[in-house]
Amino acid sequence: MAELTDNKDKKFIFVIGPTAIGKSQWALQQAIKYQGSIVNIDSVQLYQGLEIGSAAPTAAEKKQAPHYLYSYVKAPQEMTAGVYLRDFYNLITSENLKGPVFIVGGTGFYIQALEKGMYDVAPGDAKVRKQIEDDLKANGADSFFTELSAADPLHEIHINDHYRLARAIEILRTSGATPTQLKAKAVLQNANAFPYPYLKLGFTDSKEALLPRVQKRTRFILDSGIIDETKSFLEKGFANWSPLASVGYREVANYLIHNNSRAAGHESLFESIVTSTMQLIKKQKTWFQRDQATLWFESSANDQLEAAARLDLYLTSVDQNVTAKGY
RNA sequence: GGGUAGGUGCCCGAGUGGCUAAAGGGGGCAGACUGUAAAUCUGCUGGCUUACGUCUACGAAGGUUCGAAUCCUUCCCUGCCCA
């Protein structure tokens with residue numbers, strides 16, 4: 001990690017919460033008000049060409065305050081939380097970001113990675129990974145599960161979770177470390193944790209409150225051209241590019257491949273995107289539940305004002321860290 | 001009007017005498033989560049009951065049978081074909 005002294009007195013504000021809650025718009029208002037900047041922490045808005053479906057900030061919005069880490073990863077490159085961290089720290093140590101920095105997004109895993117840091121193990125090597133995948137295919141999950149259980153009887157990976165199983169085996173074979181050891185070590189050291197003062201604000205709301213927002217947004221996304229956006233990637237041969245498996249794009253790709261000819265397909269496309277988005281929201285809410293350090297607000301105008309007041313308190317205070325526990 | 005296929009749990013759909021509260025999928029609910037994370041994975045999902053159990057359920061009503069979603073009769077409804 002590079003020298004961090006430049007940012008000693010800089011304040012960071014996480015603005016997190018489920019999709020379609022209105023984080024970006026709120027954060028933009030605040031960034032304008034305090035002459036700050038915005039950094040993305042959404043795992044899909046990172047990519048170039050997926051702006052419509054991921055409801056990324058528009059050019060007009062980006063003009064109102066500096067935005068970073070949006071639309072900069074090009075297909076067929078695929079991001080990981082680890083690479084995101086590298087990019088994030090590169091950014092804030094190489095550029096002198098204006099004012100308070102708003103870190104905005106709903107990807108719980110990335111937020112956690114940034115806040116707590118990641119395990120000190122090598123990232124997946126493409127070659128090794130391929131080998132592991134072949135091995136898994138040839139010998140089945142049972143053999144992986146047995147191998148992992150022998151080395152780490154306390155691991156909590158399910159036998160059907162092939163992705164996690166393969167990753168655990170990869171780490172085990174290359175470094176000898178087990179999931180249980182890594183977890184224990186991370187709790188003790190927490191060496192790669194976020195090194196700056198920060199405030200975590202979250203927006204969330206009931207399913208009933210979110211549904212109309214999701215419907216409206218889905219209509220808008222469809223009208224704005226997510227179908228063409230998807231089509232262009234498919235035509236370039238990126239059908240297996242992992243971001244295309246994210247909410248919206250997955251449904252559209254499926255629609256283009258299977259029901260394109262049917263007139264009724266369009267309405268069910270709308271419905272299926274709404275459903276997946278609501279499912280995503282549920283998963284995000286489940287993830288955020290365990291986060292004890294976030295100050296939560298609802299989406300109402302009143303709560304937005306309340307959140308703004310808390311922000312103001314933080315920005316004008318001399319305290320370093322202000323979290324839920326601080327109040 | 002005639003013929004024909006069919007009506008199954010929130011939805012789709014399997015089941016054609018007992019092992020059926022009824023496969024599977026979707027949806028819903030709850031959860032896990034350290035380099036794919038908007039991904040991946042797990043559990044639950046008719047009522048009452050802690051449980052044993054019991055009640056209600058396979059279009060409706062009757063019937064056959066020790067026993068029916070499954071067989072028979074009539075009726076209602078839906079799709080398709082012929083008039």
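Computed over heavy atoms, backbone and side chain alike; hydrogens, waters and symmetry mates excluded. Each chain gets a letter, A, B and so on, in the order its sequence line appears, and its residues count up from 1. Everything quoted here is computed from the prediction, not taken from an experiment.
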Any side-chain N or O of A:Arg290 less than 4.0 Å from the OP1 or OP2 oxygen of B:A32? no
For B:C71, what is the paired nucleotide under Watson-Crick or G-U wobble rules, both distances under 3.5 Å? B:G63
For B:U40, does OP1 or OP2 lie under 4.0 Å from any side-chain N or O of A:Asn160? no
Do any side-chain nitrogens or oxygens of A:Arg167 fall under 4.0 Å of OP1 or OP2 in B:U34? no
Sticking with atom P, work out how far B:C77 lies from B:C66, rounded to a whole angstrom. 35 Å
If we ignore hydrogens and angles and just use 3.5 Å, is the side chain of A:Lys11 paired with the main-chain N or O of A:Tyr314 as donor and acceptor? yes
Between A:Tyr34 and A:Asp312, a side-chain donor and acceptor under 3.5 Å: yes
Is the shortest side-chain N/O distance from A:Lys116 to OP1 or OP2 of B:U34 below 4.0 Å? no
Looking at A:Gln284, I'd like to know whether one of its side-chain N or O atoms comes within less than 4.0 Å of OP1 or OP2 on B:A38. no
Return the nucleotide paired to B:G6: Watson-Crick means purine N1 to pyrimidine N3 with N6-O4 or O6-N4, wobble means G-U with N1-O2 and O6-N3, both under 3.5 Å. B:C77
Using Watson-Crick or G-U wobble geometry with both distances under 3.5 Å, which nucleotide pairs with B:U36? none
Please give, in whole Å, the distance from B:G35 C1' to A:Gln112 CD? 12 Å
Using a strict threshold of under 4.0 Å (side-chain N to carboxylate O), is an ion pair present between A:Asp152 and A:Lys183? no
If the cut-off is 4.0 Å, is A:Tyr110 near the phosphate of B:A37, judged by side-chain N/O to OP1 or OP2? yes
When rounded to the nearest Å, what value does the distance between P atoms of B:A5 and B:C55 take? 37 Å
Relative to each other, are the rings of A:Tyr47 and A:Trp241 parallel, tilted or perpendicular (30° and 60° limits)? perpendicular
Any strand, both distances under 3.5 Å, Watson-Crick or G-U wobble: B:G1 pairs with B:C82
What integer number of Å spans the C1' atoms of B:U74 and B:G9? 27 Å
I'd like the P distance from B:C48 over to B:C10, given in whole Å. 14 Å
Considering only the P atoms, how many Å lie between B:G62 and B:A51, rounded to the nearest integer? 33 Å
Need one value for A:Ala113: base, sugar-phosphate or nothing, where a base atom within 4.0 Å counts as base even if backbone is also close, heavy atoms only. nothing
Can you check the A:Ile281 CD1 to B:C29 P distance for me, whole Å? 12 Å
Compare side-chain N and O positions of A:Lys207 against OP1 and OP2 of B:C29 and report whether any pair is under 4.0 Å apart. yes
Which nucleotide in B:A37, B:G35, B:A39 has an atom nearest any side-chain atom of A:Ala245: B:A39
Regarding A:Asp205 and A:Ser299, do their side chains bring together a donor and an acceptor under 3.5 Å, going by distance alone? yes
Whole-Å gap separating P (B:A39) and NZ (A:Lys283): 4 Å
Rounding to an integer number of angstrom, what distance separates B:A22 and B:U56 when you compare their C1' atoms? 14 Å
May I have the distance from A:Leu280 (atom CG) to B:C33 (atom P), rounded to whole angstrom? 18 Å
OP1 or OP2 of B:G35 sitting under 4.0 Å from any side-chain N/O of A:Arg129? no
Could you tell me whether A:Gly248 contacts a base, only the sugar-phosphate backbone, or nothing, with contacts defined as non-hydrogen atoms closer than 4.0 Å? nothing
Taking only side-chain N and O atoms of A:Thr286, does any of them lie within less than 4.0 angstrom of OP1 or OP2 on B:G31? yes
Report the distance from atom CE of A:Met79 to atom C1' of B:U34, rounded to the nearest whole Å. 16 Å
Considering only atom C1', compute the distance from B:G24 to B:U45 and round it to an integer number of Å. 15 Å
Could you state the CZ-C1' distance from A:Phe288 to B:C33, rounded to the nearest angstrom? 13 Å
Could you walk me through whether A:Lys216 and A:Phe220 pass the side-chain contact (heavy atoms from CB on, under 4.5 Å) test, one step at a time? CA-CA 6 Å; A:Lys216 195 175 158 199; A:Phe220 182 75; over 6 Å; no
Do the side-chain N or O atoms of A:Gln279 get closer than 4.0 angstrom to the phosphate oxygens (OP1, OP2) of B:G27? yes
Can you confirm whether the side chains of A:Ser71 and A:Glu51 place a donor and an acceptor under 3.5 Å from each other? yes
Taking for A:Thr275 and for A:Tyr119 the nucleotide of RNA chain B with the nearest heavy atom, the one nearer the 5' end belongs to A:Thr275
I want to confirm an ordering. Mapping A:Glu156 and A:Pro243 to their closest nucleotides on RNA chain B, which one lands closer to the 5' end? A:Glu156
Look at the side chain of A:Asp42 and the base of B:A38, then say whether one donor and one acceptor between them are separated by less than 3.5 Å. yes
Using OP1 and OP2 only, check whether a side-chain N or O of A:Thr19 sits under 4.0 Å from B:A38. no
Would A:Lys285 count as a cation-pi partner of A:Phe288, with NZ or CZ less than 6.0 Å from the six-membered ring centre and within 45° of the ring normal? no
How is A:Ser54 classified with respect to the nucleic acid when contacts are heavy atoms under 4.0 Å: base, sugar-phosphate, or nothing? base
Report yes if at least one side-chain N or O of A:Arg164 is closer than 4.0 Å to OP1 or OP2 of B:U42; otherwise report no. no
Euclidean distance, atom NE2 of residue A:His162 to atom C1' of B:U40 [Å, nearest integer]: 11 Å
I'd like the P distance from B:A68 over to B:A57, given in whole Å. 13 Å
For atom OH of A:Tyr163 and atom C1' of B:U40, their distance in whole Å: 8 Å
